[in-house]
Asks: 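After the structure tokens below, expect a handful of questions from me.
Quick caveat: nothing in here was measured; it's all calculated off a predicted structure.
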Amino acid sequence: MMMVTKSLQLVVLLVCCLTIITIECANVTQNPNIYSVNPTIVHSAVSKGAVCLDGSPPAYYFEPGFGDGAENWIVHLSGGAWCMNVTDCQHRTEGSNGSSKKMGQLYFQGIHSKNESQNPDFYNWNKVLVAYCDGGSFIGDSEYIDPTNNSTKNLQFRGQKIFYAVLEEVLEKGLKNAKNAILAGSSAGGYPAILYCDYFRDSLPIKSRVKCLVDSGYFVHFKNPVLERFWSWRYGGVAALQGAAKTLPKSCTSKMKAELCLYAENIQEYTKTPFFLYMSAFDNIETQYTLGDEKYTTIDEGRGSACLNASLREMRSDFLNAIPKGNDPKHRGVFIDAMHHHTSLMSRWSFEVALEINNVSAPIAFADWYFDRKYRYLIDEIHTMPVKNTFKNVTYVH
């Protein structure tokens, strides 16, 4: 009898332990600030020629909306730099930036958070993150056939078709009936958020509120050839591989080389739909690609030489001159901080870590602009040198 009792106690103890573990795991899974989402593979896109660099089908990550947000949508184009030559692009096929075969779960957070207190305007919207696997900012429609006939080295540059195919599927999921919708893009996904902004607008009902959001993807053409040299090389390679001369709007390519049309400043003027630019005047990818990796720590810690500091001021000046002007904030809103960082929609969107200018946080500035509450055009005019990259809340007061 005693043995039975002890056995029963062990069983009860085991059940309790499993229950606690299950509850704890559920709490992690259901954390509204950050949660995992599995990829949705768009197998039907292959027949339309919409494939990743390695020929695998494209993918996106989807979290359905709920409550009064069930008819509102954010379609977010993810970033991940670019590949500029065949070797670089072939290397990308070994990971998720070039193949859906390598894609796993992603953690949604920031503007995709389901925490109403930290993301009050968008917490219950439908969220779509379009996976980036074409290496060319979703603009390409070309291919590379390896001359050795080794099919494993062939490359497909089909980013434009990926965008159209994924959008088509998401429209059928309910986006076509959206009351409110945002096309957002981060880093290398920021440029196509401008490029396809009007197409996105035209795909939705005329009564829908549709605007676009560019997160750290507005890289400018520097006047100084020393500052510009690496960007010319980078965009020249991207344009050639992706076949940009035939995919980018003729309104731009008829006036300048295709690689110049990869600069947001040269394409935004043709975009009729309103968009909002959220970026640092000292974006750390901009400084890294322009000045070199070895300068990153020096800049972040404020230990730059007089020559380096002069370059940073020159870069800031060119950037501010290239962004949309503030005379029409309803059409072009901005939030330009001075922290040495890159992208914000996933990492700096909650109120706990969001940056502020004039006591207005970036999420509030964008939401006010998007919902037509107040058309924000905010630039940090005080800091003419980079503010150290930190996740602490830094308030800029003019």
Side-chain angles (χ1 to χ4, degrees), residues 24-42 52 57-81 95-97 99-100 102-133 138 162-163 166-167 169-171 173-175 178 180-190 192-193 200 211-217 276 278 341-355 361-364 366-367 370 391:
E24 289 180 346
C25 289
N27 287 338
V28 171
T29 303
Q30 297 173 7
N31 182 346
N33 281 321
I34 179 170
Y35 53 95
S36 61
V37 180
N38 290 314
T40 297
I41 308 298
V42 190
C52 298
Y60 63 93
Y61 295 80
F62 174 61
E63 182 68 17
F66 55 93
D68 61 6
E71 295 181 285
N72 300 331
W73 291 74
I74 298 175
V75 177
H76 188 176
L77 305 176
S78 58
S96 60
N97 277 343
S99 173
S100 62
K102 309 294 184 179
M103 294 178 189
Q105 288 185 334
L106 281 184
Y107 286 103
F108 272 20
Q109 55 188 310
I111 199 170
H112 301 302
S113 166
K114 292 186 283 188
N115 186 338
E116 183 177 4
S117 66
Q118 293 297 315
N119 186 29
D121 291 290
F122 309 108
Y123 74 99
N124 60 354
W125 285 33
N126 295 278
K127 289 112 179 179
V128 176
L129 184 71
V130 184
Y132 179 45
C133 65
F138 298 95
I162 288 174
F163 174 80
V166 173
L167 181 62
E169 175 156 314
V170 175
L171 284 166
K173 277 186 176 287
L175 173 63
N180 297 287
I182 297 167
L183 177 64
S186 295
S187 191
F200 185 74
K211 300 181 184 181
C212 300
L213 173 57
V214 181
D215 172 30
S216 301
F276 190 95
Y278 178 15
H341 73 101
H342 181 64
T343 72
S344 300
L345 296 191
M346 293 290 238
S347 60
R348 297 182 185 276
W349 196 258
S350 68
F351 294 147
E352 296 171 343
V353 295
L355 302 181
S361 69
I364 292 297
F366 172 70
Y370 177 80
F391 276 94

Asks: If the plane angle is over 60° it's perpendicular, under 30° parallel, otherwise tilted; pick one for Trp349 and Phe366.
Replies: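 Ring orientation, 0 to 90° scale: perpendicular.
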Asks: When rounded to the nearest 0.5 angstrom, what is the spacing between CG in Asn119 and CG in Asn33?
Replies: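 Spacing of CG (Asn119) from CG (Asn33) equals 9.0 Å.
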Asks: What distance do Leu183 atom CG and Cys212 atom SG have between them, rounded to the nearest 0.5 Å?
Replies: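 Answer rounded to 0.5 Å: 4.5 Å.
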Asks: Let's go through Val37 and Leu106 carefully: what are the C-alpha distance in whole Å and the side-chain angles of both, what is the deciding distance for side-chain contact (heavy atoms from CB on, under 4.5 Å) to 0.1 Å, and is it a yes or a no?
Replies: CA-CA 5 Å; Val37 180; Leu106 281 184; 5.5 Å; no
Asks: Can you confirm whether Phe138 sits close enough to Val130 that some side-chain heavy atom of one is under 4.5 Å from a side-chain heavy atom of the other?
Replies: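 Contact flag for Phe138/Val130 side chains = yes.
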Asks: Do Leu345 and Leu213 come close enough that some side-chain heavy atom pair is under 4.5 Å?
Replies: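 Yes, side chains in contact.
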Asks: In sequence, state the C-alpha distance, the side-chain angles, and the governing distance for Phe62 and Val170, and then conclude on side-chain contact (heavy atoms from CB on, under 4.5 Å).
Replies: CA-CA 9 Å; Phe62 174 61; Val170 175; over 6 Å; no
Asks: Over all heavy atoms of both residues, which pair between Ala181 and Ala178 is shortest? Give the atoms and the distance, please.
Replies: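 Minimum heavy-atom separation between Ala181 and Ala178: CB-CB, 4.2 Å.
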Asks: Taking side chain as C-beta onward, heavy atoms only, is His341 less than 4.5 Å from Ser347?
Replies: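 When only atoms from C-beta onward are counted, Ser347 and His341 do not touch, as no gap falls below 4.5 Å.
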Asks: Any chance you could measure His76, atom NE2, to Met346, atom CE, to the nearest 0.5 Å?
Replies: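 If we round to the nearest 0.5 Å, His76:NE2 and Met346:CE are 6.5 Å apart.
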Asks: Between CZ of Arg348 and OG of Ser216, what distance do you get to the nearest 0.5 Å?
Replies: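 That separation rounds to 9.5 Å.
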Asks: If I compare all heavy atoms of Ala59 with all of Met103, which pair ends up nearest, and what's the gap?
Replies: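 For Ala59 and Met103, the tightest heavy-atom pair comes out as CB-SD, 3.7 Å.
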Asks: Which residues pass the ring pair (Phe, Tyr, Trp, His ring centres under 6.0 Å) test with Phe108, sequence neighbours left out?
Replies: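 Checked Phe108 against ring pair (Phe, Tyr, Trp, His ring centres under 6.0 Å); matches are Tyr35, His112.
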Asks: Is it the case that the side chain of Lys211 and the backbone of Tyr370 share a donor-acceptor pair, with hydrogens and angles ignored and the cut-off at 3.5 Å?
Replies: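 Yes; at least one donor-acceptor contact below 3.5 Å.
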Asks: Looking at Pro57 and Cys52, what are the two nearest heavy atoms and their distance?
Replies: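 Of all heavy-atom pairs spanning Pro57 and Cys52, the closest is O-SG, 3.6 Å.
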Asks: Considering non-hydrogen atoms only, spot the tightest contact between Val214 and Ala193 and give its length.
Replies: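 Between these two residues, the closest heavy atoms are CG2-CB, 4.4 Å.
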Asks: What are the two closest non-hydrogen atoms of Gly104 and Pro39, and how far apart are they?
Replies: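 Heavy atoms only, the tightest pair is O-CD, 3.5 Å.
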Asks: Any side-chain heavy atom of Tyr123 sitting closer than 4.5 Å to one from Pro32?
Replies: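 With C-beta onward as the side chain, the pair stays apart.
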Asks: Under a 4.5 Å cut-off applied to non-hydrogen side-chain atoms, are Pro363 and Phe122 in contact?
Replies: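 Contact flag for Pro363/Phe122 side chains = no.
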Asks: Determine, stepwise, if the pair Val128 / Lys173 fulfils side-chain contact (heavy atoms from CB on, under 4.5 Å).
Replies: CA-CA 11 Å; Val128 176; Lys173 277 186 176 287; over 6 Å; no
Asks: Leu77 and side chain to side chain contact (heavy atoms under 4.5 Å, CB included): which partner among Phe163, Tyr132, Tyr60?
Replies: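 Exactly one option meets the side chain to side chain contact (heavy atoms under 4.5 Å, CB included) with Leu77, and it is Phe163.
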Asks: State whether the number of non-hydrogen atoms from other residues, nucleotides or ligands found under 6.0 Å of Tyr107 atom OH is greater than 12.
Replies: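 No - once you tally the heavy atoms of other residues, nucleotides and ligands closer than 6.0 Å, there are 12 at most.
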Asks: Under the criterion side-chain contact (heavy atoms from CB on, under 4.5 Å), I'd like the reasoning laid out for Phe351 against Asn115: C-alpha separation, chi angles, the key distance, then a yes or no.
Replies: CA-CA 11 Å; Phe351 294 147; Asn115 186 338; over 6 Å; no
Asks: To the closest 0.5 Å, what do you measure between OG (Ser36) and CD (Gln109)?
Replies: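 It comes to 12.0 Å.
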Asks: Taking all heavy atoms of Cys133 and all of Ser99, pick out the closest pair and write down the distance.
Replies: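 Nearest pair, atom of Cys133 first, then Ser99: CB-N, 4.1 Å.
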Asks: Output yes when a side-chain donor or acceptor of Asn124 lies under 3.5 Å from a complementary backbone atom of Phe66, and no otherwise.
Replies: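 Yes; judged by distance alone, with no hydrogens or angles, the pair exists.
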Asks: In the structure I gave you, are the side-chain heavy atoms of Leu175 and Leu167 within less than 4.5 Å of one another anywhere?
Replies: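 Contact flag for Leu175/Leu167 side chains = yes.
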Asks: To the nearest 0.5 angstrom, please state how far the CG atom of Asn72 sits from the CD1 atom of Ile182.
Replies: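 Between Asn72 CG and Ile182 CD1, I get 8.5 Å after rounding to 0.5 Å.
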